[in-house]
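Heads up, the thing below is written out as structure tokens.
This one's a predicted model, so the numbers in the text were calculated from it and none came from an experiment. Below, each value reflects all heavy atoms present in this structure, side chains not excepted, and no hydrogens, waters or symmetry copies. By convention here, the first residue in the shown sequence is residue 1.
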Amino acid sequence: MIDLTSLRHPARRRARLTLVLLLTSALAGILTGCVTPAGAPLADNPMNARITDPAARRQLQLGQPVAAADIYSKRAARSRDPEQQQDYLLLAAEILFDRNLGVEGEERLAQVPAELATPELTQRRDILTAKSHVFKGDAEAALAALPDPEYMDNPFQRARLYETRAQAYNILQDPDNELIARIELENQINTPEIIQRGHEQIWQLLTSQSQATLRSMTTNVRGDVYQGWIELALVHASAGADTDKQRSGIDLWQERFPLHPANPGFVTTLFTPNGFEMKTDGQPVSQVAVLLPLSGSSTATVAAAIRDGIVAAYEESGKSRATPTLRFYDVGDNPGYVRTAYNNAINDGADAVIGPLRKEAVAAIVSQREVPVPTITLNTVESSGLSGNTSNIIQFGLAPEDEARAAASRAIGLGLKNAIVLQSSDSRGDRETRAFQDAMFLYGGDVVHVAVLPEDSYDYSEQIKEALSIDKSDGRFRLLSSTIGEKLFFEPSIRNDVDVIFLAITSEQARSVRPQLDFFHARDITRLGTSRVASLSDDQKNNQDLNSIAYPDAPWVLRESMQKDPLYQSIRQNFPSADGAYAKLYALGADAWQLVSNLDALTRGERLQGYTGALELSPEGHIRRYLDWAQYVDGISTPVDSVDAPPLPSIRAGSITN
């Protein structure tokens, strides 16, 4: 049983919470596959095949790429053969760059001499130089540094070149040339798993484009493989959530492109469910294990809030019914330990598990060959590239993407199908924008423009004018005035194909954006954001600049009736920090307990009323959160009715299900 005496000291946990939202780089490569979860066998791919030193392979298996690179740097220092020495130095840098450790990779690259023993070594060095430029965001320099593939004999190194070229064009937002590079990349390899991941990255690229962009790309003469990918993406985008239309479109596509590399395997998986199956037998859970990084240097405060939410919900449920045994397991900072802790919990008799929390730890559990009991994770990962059995795993968390998808659902529910996105330049802005785009495209809507707002200025007039096409209107006026030689009265007009603006920005940015949108005649266009736009204070005068912006959030934050909820009252009374930045973490813990207590209802398709939202299990084993909504009116955040589109089909790189 749990020891509650150590949980009653909320004052010890009142330090200000800083949540760092981690985003795996959109530029991550496919040749090394997904990052190997700590403790998992080293992935079988061409890059790892070149790492033959047993100690280095072990370090990679433990999730320690810097230590693995150190081993090869030391081997280089001991070598008397210049060619072998250079090979080891390059391999050390490649290990790091291929795992998106650009700073560490640049340090190893600096150790490589300017003059190399063979052309192939020089080509490898040039590719790493280009990767260094990609890491710093200098796409033009990256493209200039790459060697000519026609003079490269090694197909694996050619593949690395085309991958780097694709990453550079991704930075330049040039989907045409990025697609060409990714197609060429696949032509260099014959490993089915890597080709599948290549297909997934192509699909991710194309499903993030607007229909207008895709239609413009069909005019490029690039060959049947290129054309086939574009038409497949258009089939998907134009059908939206209509799966019958999707299937009929796919059938026609397969007739048109019978020899396309995505046909039949990848295309078939678009309509193949993930196969999630919760192994419940109707018997009540008797022991629940909770895996949390309670002693983690960067996660202890977050983990403690979640733990306290679980305990509070456990105690509240115990007032009306028998409750199972609850045991906590501290997994600390090392994600490699989580599998050991998980197995210890099972051996101790747990027949359900809550946790882990960190993404790396969740990936380690998801990638296990066997997950013997129902497991509610407290974070989410993309499982398409992980080799484990995802049956019995329910992924649950407070992902920013949930709110962005909710905004897309509201837009479609209101009949608004053409959006502009204004996003912050940080990783959260990227994540929210991508999730909103994906949902809009899947619903059959469109995102006609994305503008990234600068960090160092609150004057967004240039970005807003471009997004609203006012710059084009202004250009036409100046041309007309110059042609007739007279000064004319001019009132700029905005584009007429936009009916909603999505704000993936901070509250401070929103205070500047809203008045500027009004100034540029976009007052009547609906504005939707995420909970980031909400003010941390109730200063009505200061919040006037947020007027008209609607945003979603958890019922714990927005629902007025929550004030009367016994669990809400108990947590607020015992943990004052539950009223601030920690609030939704307590709610996450409480909902995790509710999920593990209602597994049968979840698997029957019932929607549970939770504190982080209405909770529903998707076909692929993720919890969908249906959120509450509010809108700023006269500087006050005011609850408004929720409006949702029809249920959104699940979408991964490899599946679409209802």
Side-chain angles (χ1 to χ4, degrees), residues 210 212 403-404 406-424 429 432-433 436-437 440 445-454 457-478 488-535 539-553 629-643 645:
S210 68
E403 297 180 9
S409 177
R410 184 176 184 85
I412 297 298
L414 293 171
L416 311 174
K417 291 193 172 185
N418 295 295
I420 283 173
V421 176
L422 304 181
Q423 71 155 94
S424 59
E432 291 174 347
T433 297
F436 181 81
Q437 284 180 310
M440 287 294 288
D446 205 358
V447 174
V448 299
H449 187 90
V450 176
V452 180
L453 305 185
S457 172
Y458 287 103
D459 178 5
Y460 308 128
S461 55
E462 291 304 315
Q463 290 80 16
I464 291 174
K465 286 169 66 176
E466 181 182 3
L468 296 172
S469 293
I470 290 177
D471 53 345
K472 295 180 181 178
S473 173
D474 189 41
R476 290 192 296 269
F477 162 73
R478 287 196 297 269
L488 303 174
F489 172 76
F490 172 64
E491 182 173 340
S493 61
I494 65 174
R495 62 195 306 163
N496 59 10
D497 60 343
V498 172
D499 45 26
V500 61
I501 298 173
F502 176 61
L503 305 174
I505 57 179
T506 67
S507 181
E508 287 305 310
Q509 288 176 315
R511 294 178 196 278
S512 297
V513 164
R514 200 279 302 172
Q516 291 178 59
L517 287 173
D518 288 354
F519 177 80
F520 288 115
H521 307 281
R523 183 184 299 273
D524 296 331
I525 301 179
T526 299
R527 298 96 181 261
L528 304 177
T530 66
S531 63
R532 274 209 301 172
V533 305
S535 174
D539 186 333
Q540 183 176 355
K541 181 179 179 181
N542 194 36
N543 291 340
Q544 293 285 341
D545 283 336
L546 297 173
N547 284 345
S548 79
I549 300 175
Y551 67 95
D553 209 339
W629 278 84
Q631 185 174 33
Y632 277 94
V633 179
D634 293 330
I636 299 174
S637 177
T638 306
V640 294
D641 291 338
S642 295
V643 178

Report summary line: Hits for side-chain hydrogen bond (donor to acceptor under 3.5 Å, both in side chains) against Gln540, two or more places apart or cross-chain, chain-then-number order -> none
Query - Closest approach of Ile501 to Ala522 (non-hydrogen atoms, all atoms of both residues) - result: CD1-CB, 4.5 Å
Report task. Could you tell me whether the side chain of Leu416 reaches within less than 4.5 Å of the side chain of Leu528, counting heavy atoms only? Result -> no
Query raised in the report: Where is the tightest heavy-atom contact between Asn547 and Gly635, given as atom of each residue plus distance?
Result: OD1-N, 2.7 Å
Query - By side chain to side chain contact (heavy atoms under 4.5 Å, CB included) - contacts of Ala408 (at least two apart) - result: Phe436, Ala439, Met440
Query raised in the report: Can you name the nearest heavy-atom pair linking Leu422 to Ala467, along with the distance?
Result: CD2-CB, 4.4 Å
Report summary line: dist Ser507:OG -> Tyr632:OH (nearest 0.5 Å) comes out at 6.0 Å
Query raised in the report: Could you state the interatomic distance from OG (Ser637) to CD1 (Ile549), rounded to the nearest 0.5 Å?
Result: 11.0 Å
Query raised in the report: Just by distance, do the side chain of Asn418 and the backbone of Asp446 share a donor-acceptor pair under 3.5 Å?
Result: no
Query - Note, Tyr458 side chain near Leu453 side chain (heavy atom, < 4.5 Å) - result: no
Query raised in the report: Among all residues two or more places apart in sequence or in another chain, which pass the side chain to side chain contact (heavy atoms under 4.5 Å, CB included) test with Val633?
Result: Thr638
Query raised in the report: Taking all atoms of both residues into account, what is the closest heavy-atom pair of Tyr551 and Thr530, and its distance?
Result: CB-O, 3.4 Å
Report task. For the residue pair Pro552 and Arg410, establish whether any side-chain heavy-atom pair is separated by less than 4.5 Å. Result -> no
Query - From CG (Leu546) to CG (Leu503), nearest 0.5 Å - result: 10.0 Å
**Report entry** Of all pairs that satisfy salt bridge (charged side-chain N to carboxylate O under 4.0 Å, His left out), the ones with a partner from residues 525-534, not counting sequence neighbours
**Finding:** Asp426-Arg532, Glu432-Arg532, Asp518-Arg527
Report task. Answer yes or no: is there a donor N or O on one side and an acceptor on the other, between the side chain of Gln516 and the main chain of Tyr460, under 3.5 Å? Result -> yes
Requested in this report: Can you sort out the partners of Phe519 under side chain to side chain contact (heavy atoms under 4.5 Å, CB included), two or more places apart, ordered by chain and number?
Outcome: none
Query raised in the report: What residues form a salt bridge (Lys or Arg N to Asp or Glu O under 4.0 Å) with Asp545, not counting sequence neighbours?
Result: Arg514
Query raised in the report: Partners of Thr433 by side chain to side chain contact (heavy atoms under 4.5 Å, CB included), sequence neighbours excluded?
Result: Val421, Gln423, Gln437, Val450, Ala504
Query raised in the report: Are Arg495 and Ile420 close enough, and set up right, to give a side-chain contact (heavy atoms from CB on, under 4.5 Å), and what steps lead you there?
Result: CA-CA 11 Å; Arg495 62 195 306 163; Ile420 283 173; 4.1 Å; yes
Query raised in the report: Which atoms form the tightest heavy-atom contact between Gly429 and Ser424, and what is the distance?
Result: CA-OG, 3.5 Å
Query raised in the report: What are the two closest non-hydrogen atoms of Val640 and Gln631, and how far apart are they?
Result: CG1-CB, 3.9 Å
**Report entry** Partners meeting side-chain hydrogen bond (donor to acceptor under 3.5 Å, both in side chains) with Asp459 (sequence neighbours left out)
**Finding:** Ser461
Requested in this report: Just jot down the salt bridge (Lys or Arg N to Asp or Glu O under 4.0 Å) partners of Glu462, sequence neighbours excluded, or say none.
Outcome: none
Report task. Check whether any side-chain heavy atom of Val498 sits under 4.5 Å from a side-chain heavy atom of Leu468, and report yes or no. Result -> no
Query - Residues in side-chain hydrogen bond (donor to acceptor under 3.5 Å, both in side chains) contact with Asn543, at least two apart in sequence or another chain - result: Arg511, Ser535
